[in-house]
Every structure is written in structure tokens, then in C-alpha cells.
Amino acid sequence: MIMNRVIWILFVMLSLCSSCTRNDGDIGELFGMWRVSAISIDGEDMPDYTGSMYFSFQSSVFSMTYINEETHNRTATYASWRYQGDDLIIDFCEPKFPPIGMSGMQSGQNLVRVGEICGGKLEMSYENPDGKKYVYSLEKW
């Protein structure tokens with residue numbers, strides 16, 4: 001009887017002391033997969049872009065995926081990301097996972113400006129070291 005009470009008290013104490021995390025690495029409004037519906041470079045739409053690139057955010061992991069619609073080949077790469085004020089630092093620090101070329105991003109750290117998220121839509125922008133400004137229009141997927 002006393003042993004049952006001790007076990008019950010320990011169970012209650014451990015339940016109260018355990019910490020909570022967001023489910024599945026949910027990090028707020030950016031969480032999940034976003035389809036890059038359009039890309040512009042210096043104000044001009046990227047020629048031949050078909051809307052086949054996806055950005056995903058989970059915990060501190062960022063993934064960039066491109067699907068070739070003709071061959072159905074999938075290219076994926078990964079980086080870490082973190083907030084810097086209202087902007088993001090997306091860091092492709094692992095040489096094994098460089099950014100996808102059409103994104104304009106470079107290996108290493110990339111400062112990405114984040115616009116307002118409204119109705120499952122988001123606009124992000126990035127200026128690469130060559131001075132080209134990329135604007136990504138994203139839709140929650």
C-alpha cells in the first residue's frame with residue numbers, strides 16, 4: 001500500500017516536472033512546406049520557372065527541394081536556419097548539401113528577408129553577393 005502511494009507520488013511529480021515542446025518541431029507560422037510559386041530576379045520573372053521548388057521549415061532544419069516535372073527527378077538539399085530579428089539566416093554550411101542553383105542562394109550563410117504571412121501566402125527576398133535580388137512568392141503547401 002505504501003509502495004503504491006510512493007509510486008503514485010513519483011508519477012505525479014515527474015508529470016509536473018516534465019517540459020513540453022511543440023509537436024513535431026513546429027516553430028510557428030513558417031512551420032511546414034511552402035511551394036515557391038514564382039521567382040523574380042531584379043524585378044523580372046525567372047524565365048521557364050514552373051513552380052516546382054519547395055521550401056520546408058521544421059525545428060532548425062531548412063530543406064529546399066526541386067522536382068523536374070519532365071523527368072520526375074527530385075533534388076533536395078538541407079541547411080540550418082535561425083531568426084535574426086525579423087529576417088532569417090539560412091546556412092548551407094555542409095558542402096554535401098549546397099543550395100539549388102535557381103534559388104540564387106550561396107553556400108554558407110544567406111540573409112533572407114521575410115514578408116508578412118497572410119492567408120497561406122508569403123514573400124521572401126534575398127540579395128546574393130553579386131547584387132542580384134531574388135524575390136520568392138510562396139504558398140503554404
Side-chain angles (χ1 to χ4, degrees), residues 2-141:
I2 292 177
M3 186 59 111
N4 287 341
R5 286 186 185 177
V6 169
I7 291 173
W8 176 251
I9 290 170
L10 284 173
F11 174 75
V12 170
M13 288 177 60
L14 288 174
S15 296
L16 294 173
C17 294
S18 66
S19 63
C20 295
T21 60
R22 289 183 166 217
N23 189 25
D24 296 327
D26 185 346
I27 42 76
E29 290 183 301
L30 286 178
F31 177 75
M33 182 178 280
W34 295 82
R35 180 177 162 266
V36 182
S37 57
I39 301 174
S40 68
I41 305 170
D42 293 332
E44 300 286 325
D45 286 342
M46 178 181 271
D48 302 325
Y49 180 69
T50 61
S52 300
M53 188 160 47
Y54 299 85
F55 292 172
S56 298
F57 298 87
Q58 183 170 355
S59 187
S60 63
V61 178
F62 171 80
S63 74
M64 181 184 289
T65 304
Y66 174 73
I67 299 171
N68 183 317
E69 292 180 352
E70 291 177 13
T71 63
H72 302 287
N73 287 336
R74 178 181 176 272
T75 304
T77 190
Y78 304 92
S80 63
W81 74 276
R82 69 181 187 281
Y83 282 109
Q84 179 173 305
D86 292 333
D87 302 321
L88 303 177
I89 299 288
I90 298 177
D91 190 357
F92 291 93
C93 61
E94 177 61 49
K96 185 172 152 181
F97 297 110
I100 294 172
M102 75 174 58
S103 73
M105 292 188 199
Q106 309 293 306
S107 291
Q109 294 187 356
N110 299 271
L111 177 66
V112 179
R113 307 246 180 240
V114 178
E116 185 177 339
I117 299 173
C118 182
K121 297 195 181 291
L122 167 64
E123 189 171 280
M124 302 171 91
S125 62
Y126 165 72
E127 188 170 327
N128 73 8
D130 298 332
K132 291 184 179 181
K133 184 177 182 181
Y134 287 74
V135 176
Y136 314 102
S137 299
L138 296 104
E139 299 172 350
K140 190 71 170 187
W141 195 247

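We use all heavy atoms of the structure for the numbers below, so side chains are in, but hydrogens, waters and symmetry mates are not.
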Checklist line | Side-chain heavy-atom pair Glu29, Lys140 within 4.5 angstrom cut-off | finding: no
Checklist line | Minimum heavy-atom distance between Met64 and Ile100, given as atom pair plus value | finding: SD-N, 3.4 Å
Note to self: Has Ser52 got a side-chain atom pairing as donor or acceptor with Asn68's backbone, closer than 3.5 angstrom?
What the structure shows: no
Next item on the list: Any chance you could measure Met53, atom CE, to Leu138, atom CG, to the nearest 0.5 Å?
Entry: 8.5 Å
Check: Rounded to the nearest 0.5 Å, what separation is found between the OH atom of Tyr78 and the SG atom of Cys93?
Finding: 14.5 Å
Note to self: Strictly distance-based, threshold 3.5 Å: is any side-chain N or O of Thr77 a donor or acceptor partner for the main-chain N or O of Pro98?
What the structure shows: yes
Next item on the list: Classify the angle between the aromatic ring planes of Tyr134 and Tyr126 as parallel (below 30°), tilted (30 to 60°) or perpendicular (above 60°).
Entry: tilted
Notebook entry, point to check: So, do Val36 and Tyr49 sit near enough that their side-chain heavy atoms are less than 4.5 Å apart?
Noted result: yes
Margin query: Between Asn128 and Met105 (side chain of the first, backbone of the second, donor and acceptor by atom type, cut-off under 3.5 Å), is there such a pair?
Written below: no
Checklist line | Distance in Å, Ser137 OG paired with Arg35 CZ, rounded so as to fall on 0.5 Å steps | finding: 10.5 Å
Check: Would a distance-only check, ignoring hydrogens and angles, find a side-chain to backbone donor-acceptor pair under 3.5 Å from Arg74 to Thr65?
Finding: no
Check: Do Phe31 and Phe57 touch side chain to side chain, with heavy atoms closer than 4.5 Å?
Finding: no
Check: Roughly how far, to the nearest 0.5 Å, is the CD1 atom of Ile90 from the OG atom of Ser63?
Finding: 10.5 Å
Notebook entry, point to check: Around Asp86, counting heavy atoms of other residues, nucleotides and ligands shown, do more than 12 lie under 6.0 Å from its CG?
Noted result: no
Next item on the list: With the side chain counted from C-beta on, respond yes when Asn110 and Asp91 share a heavy-atom pair under 4.5 Å apart, and no when they do not.
Entry: no
Item checked: 4.5 Å side-chain heavy-atom contact, Ile67 and Tyr54 -> yes
Margin query: Using modelled atom types and a 3.5 Å cut-off, is there a donor and acceptor pairing between side-chain atoms of Glu94 and backbone atoms of Phe92?
Written below: no
Item checked: Separation between CH2 of Trp141 and CD of Glu139, rounded to the nearest 0.5 Å -> 7.5 Å
Checklist line | Minimum heavy-atom distance Phe55-Met124, with the two atoms named | finding: CD1-SD, 4.3 Å
Item checked: Inter-residue atom distance Lys132.NZ - Glu44.CD, 0.5 Å rounding -> 12.0 Å
Check: Checking Tyr136 side chain against Ser103 main chain: does a donor-acceptor pair fall under 3.5 Å?
Finding: yes
Next item on the list: Given side chain to side chain contact (heavy atoms under 4.5 Å, CB included), test Trp81 with Val112 step by step and report yes or no.
Entry: CA-CA 10 Å; Trp81 74 276; Val112 179; over 6 Å; no
